[in-house]
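Could you have a look at this structure, given as structure tokens, before my questions?
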Number of protein chains: 2
Amino acid sequence: MTIKEIAKLAGVSTATVSRIINNSGKVKEETRIKVQNIIDQNNYRPNQVARTLFKKKSNIIGIIVPDLSNMFYSKIIEGIQNIIDNTNYSLMISFSAGSDDKKYIDFIRKFQQENVDGIITSAFSGEYVTKIKTPIVMYDSANIEDNIIRIASDNKAGGKLISKFLNKNIKKVLIQHLDLSLPTVAERFNSLIAELNKRDITYNLVAVEGLSKKHASQKVLENIKHFDAVISVNDEYAADIIKESRLNGFKIPEDFQLVGYDNTNLAQYTDPTISTIDQQAFEIGKAAARRLIDRIDGNKNTENTIIPVKALKNESTK
Amino acid sequence: MTIKEIAKLAGVSTATVSRIINNSGKVKEETRIKVQNIIDQNNYRPNQVARTLFKKKSNIIGIIVPDLSNMFYSKIIEGIQNIIDNTNYSLMISFSAGSDDKKYIDFIRKFQQENVDGIITSAFSGEYVTKIKTPIVMYDSANIEDNIIRIASDNKAGGKLISKFLNKNIKKVLIQHLDLSLPTVAERFNSLIAELNKRDITYNLVAVEGLSKKHASQKVLENIKHFDAVISVNDEYAADIIKESRLNGFKIPEDFQLVGYDNTNLAQYTDPTISTIDQQAFEIGKAAARRLIDRIDGNKNTENTIIPVKALKNESTK
DNA sequence: TTGTATGCGTTATCAG
DNA sequence: CTGATAACGCATACAA
């Protein structure tokens, strides 16, 4: 069913039908009713593709997600959807971008071919992104000042808050970390280290990039007897450390204390529950969507948005 | 950058450029190279929207997901993406459809306006779905024989397998359940009940539809002293029961045993770990995507696909 | 082997 | 208030 057929059935021109669909221009009430009836009877809906071609506006937003198995990202998506729900936009999504810059670029190109009005992507590196003409917002990004809109968690505050979980008796901590060359990781890490130095807490590092969670946990537990606390990458890794600890007879927080990050659902279902930093993923998603829509609507502001974090004390620290 | 501009720069017609882009028709090697160079230099990509309008094929698949906070659905999406990755399709997604039939219909209409080639949706009810012309596949559906392709977990086997977790000493169980008028819920439930009857195990029901997880758990624990085991709705509800049990001084599996469903990540991170039925969500997603693409490619078979389930014994039963 | 012309479904311009 | 028509970017039928 096309606008042409409706016009024919109604005995008017396509222009008139178009006017009625879009509430544009003047139409006699009588013909409006007549045509609207035909539209309803035939359950006609305008073809969005043809509209997009003409208007050069698709009402589609493209979203790139690195990994859906981490509930942190699910929450971000829910935040995005929460904002999008009140608009006329649809969401086109690519999952599993991982941390492969090439995949991000491929996805963005594909989105551009579909004439998306804007893109929300998790952060990736390379100069390519600065050349993108399509309105774009990066979430889960470090607070980098350039010409693109970044939604950054307050990683500096996050690193600092971690140390709040470490009580006076803690002298030596083990820090589990991902690739320190990643800007977000570095932001949080540097802030944490600065705080530890201030308090004369010593630390060792254990890199877990590319390791399975189980393997990562085992590396942590190998020398755990020399440490008072473990600062893990996030709640997922923390949960796994709890699991492996149980299998190996370690008690948390008695034998060592444990700090997570993100405040995903997991944090409240483990035993002990995980002391963690809430990044407010839902808010990140909402901010990303709002900023993008703003940008699409012509707002040229490219300042970053920093989402505050909150410390959430649970049972894994004392 | 459009095909017209490329044609002009190359000194050929748009038809020739089109032939080169699509590897269709005969083109002299010399002109092919010349034009391809111009295409590459200008980083030209054909406009997918215009293509869709002409070809009436969008290479977009629409996906409807009820609730992203349940990792069961995340896994299904990952399965879908796994198949889609090797194709030329993009994914348009609507989350948070919940169990509101109207929302499903709205989303489907929107997808149709975008000329999606097919739709993968979780099951919903109403006769509307049988009238949809767009190729459609329903996942997380009961095994209903009609003209639409359904990907169903083997709910009957699932219900039966649950009882395998119940040892000889178990005489009375508490069954937590959602709306029994939902076909999938009923399938599993009836199979479970039949099995319990066979074994002379008595049971009580506790409906939790619409309740918060916490509230649902509390209802379970109220009279728990009269029961030997709890069969919960899924791992999410089971995890919450574990949490509330701990707060209320109950020990699992000593005080009562507990069975989950789905085998989401949660099941292995709680203490005790949850005995559960693995629905193989990833396989469900893969099957849904495969069947849909098949259907789009012209396969008229509307038989359902039944995905087998597996029992996974963990610590919450003995 | 290449080019011309047409149409996909819609909206906007312009004339009546 | 209404209609005829061009244009959006592309792919194909038909001519050359």
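It should be emphasised that the depicted structure is a prediction, and the values quoted were computed from it without experimental measurement. By convention in this document, chain letters (A, B, ...) are assigned in the order of the sequence lines, proteins followed by strands, and residues within each chain are numbered from 1. Heavy-atom basis, side chains included; hydrogens, waters and symmetry copies ignored.
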Task: Nucleotide nearest B/S13 when distance is taken to its side chain, options C/dT4, D/dT2, C/dT10 - done: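 Looking only at side-chain atoms, B/S13 lies closest to C/dT4.
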
TODO: Kindly indicate whether the side chain of B/M138, heavy atoms from C-beta on, has any atom under 4.5 Å from the side chain of B/I151.
DONE: no

Open item on the list: Could you measure the distance from the CD1 atom of A/I307 to the CD atom of A/E283? Nearest 0.5 Å is fine.
Closed with: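 Nearest 0.5 Å value for the CD1-CD distance: 6.5 Å.
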
TODO: Grab the CZ-C1' distance between A/R51 and C/dG9 for me, whole Å please.
DONE: 11 Å

Open item on the list: So if I apply the side chain to side chain donor-acceptor pair (under 3.5 Å) rule between A/Y104 and each of A/S94, A/S122, A/S125, which one comes out positive?
Closed with: A/S122

Task: Protein-nucleotide distance (A/K28, atom NZ; D/dT2, atom C1'), rounded to Å - done: 10 Å

- [ ] Write down the distance between CZ (A/R32) and P (D/dC1), rounded to a whole number of angstrom.
- [x] 10 Å

TODO: Answer yes or no: does a side-chain N or O of A/T2 lie under 4.0 Å from OP1 or OP2 of C/dC8?
DONE: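 For C/dC8, OP1/OP2 do not have a side-chain N/O of A/T2 under 4.0 Å.
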
Open item on the list: Just by distance, no angles: are the side chains of B/Y73 and B/D140 close enough, under 3.5 Å, to form a donor-acceptor pair?
Closed with: yes

- [ ] Mind calculating the distance between CG (A/N22) and P (C/dT11) to the nearest angstrom?
- [x] 4 Å

Open item on the list: Please determine whether a side-chain nitrogen or oxygen atom of B/S24 lies at a distance below 4.0 Å from atom OP1 or OP2 of D/dA11.
Closed with: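 So the side chain of B/S24 is outside the cut-off, no N or O lying under 4.0 Å from OP1 or OP2 of D/dA11.
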
Task: Nucleotide C/dT10, atom P - distance to CG of A/N115 in whole Å - done: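 Taking CG of A/N115 and P of C/dT10, I get 17 Å after rounding.
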
Task: Phosphate OP1/OP2 of D/dG3: any A/T16 side-chain N/O under 4.0 Å - done: yes

TODO: Return the 5'-most residue of the pair A/R19, B/S18 with respect to DNA chain D, ranking by each residue's nearest nucleotide.
DONE: A/R19

Open item on the list: Quick check for you: to the nearest 0.5 Å, what is the distance between A/L292 atom CG and A/T134 atom OG1?
Closed with: 10.0 Å

TODO: Check whether any side-chain nitrogen or oxygen of B/K56 sits under 4.0 Å from OP1 or OP2 of C/dG9, and answer yes or no.
DONE: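 Yes, B/K56 has a side-chain N/O under 4.0 Å of OP1/OP2 on C/dG9.
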
TODO: Could you tell me the separation between the CD atom of A/E114 and the P atom of D/dC10, rounded to a whole number of Å?
DONE: 13 Å

Task: Given DNA chain D, 5'-ward residue of the pair B/L53 and B/A15, judged by closest heavy atom - done: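 Closest to the 5' end, via its nearest nucleotide, is B/L53.
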
- [ ] For B/V49, answer base if it contacts any base atom (sugar-phosphate contacts may also be present), sugar-phosphate if it contacts only those atoms, and nothing otherwise; contact means non-hydrogen atoms under 4.0 Å.
- [x] nothing

Open item on the list: If you assign each of B/E29 and A/I21 to its closest nucleotide in DNA chain C, which residue comes earlier from the 5' end?
Closed with: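 This one resolves to B/E29.
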
Task: Short side-chain N/O contact from B/Y44 to OP1 or OP2 of D/dC10, under 4.0 Å - done: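 Yes, B/Y44 has a side-chain N/O under 4.0 Å of OP1/OP2 on D/dC10.
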
- [ ] Scan B/T52 against the nucleic acid and name what it touches under 4.0 Å (heavy atoms): base, sugar-phosphate only, or nothing.
- [x]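 Nothing, no nucleic acid heavy atom in range.
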
Task: Atom pair distance, as rounded to whole Å: CD in A/Q113 and P in D/dC10 - done: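 After rounding, the gap between these two atoms is 10 Å.
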
Open item on the list: Please report the distance, rounded to the nearest Å, between NZ in A/K57 and C1' in C/dG9.
Closed with: 19 Å

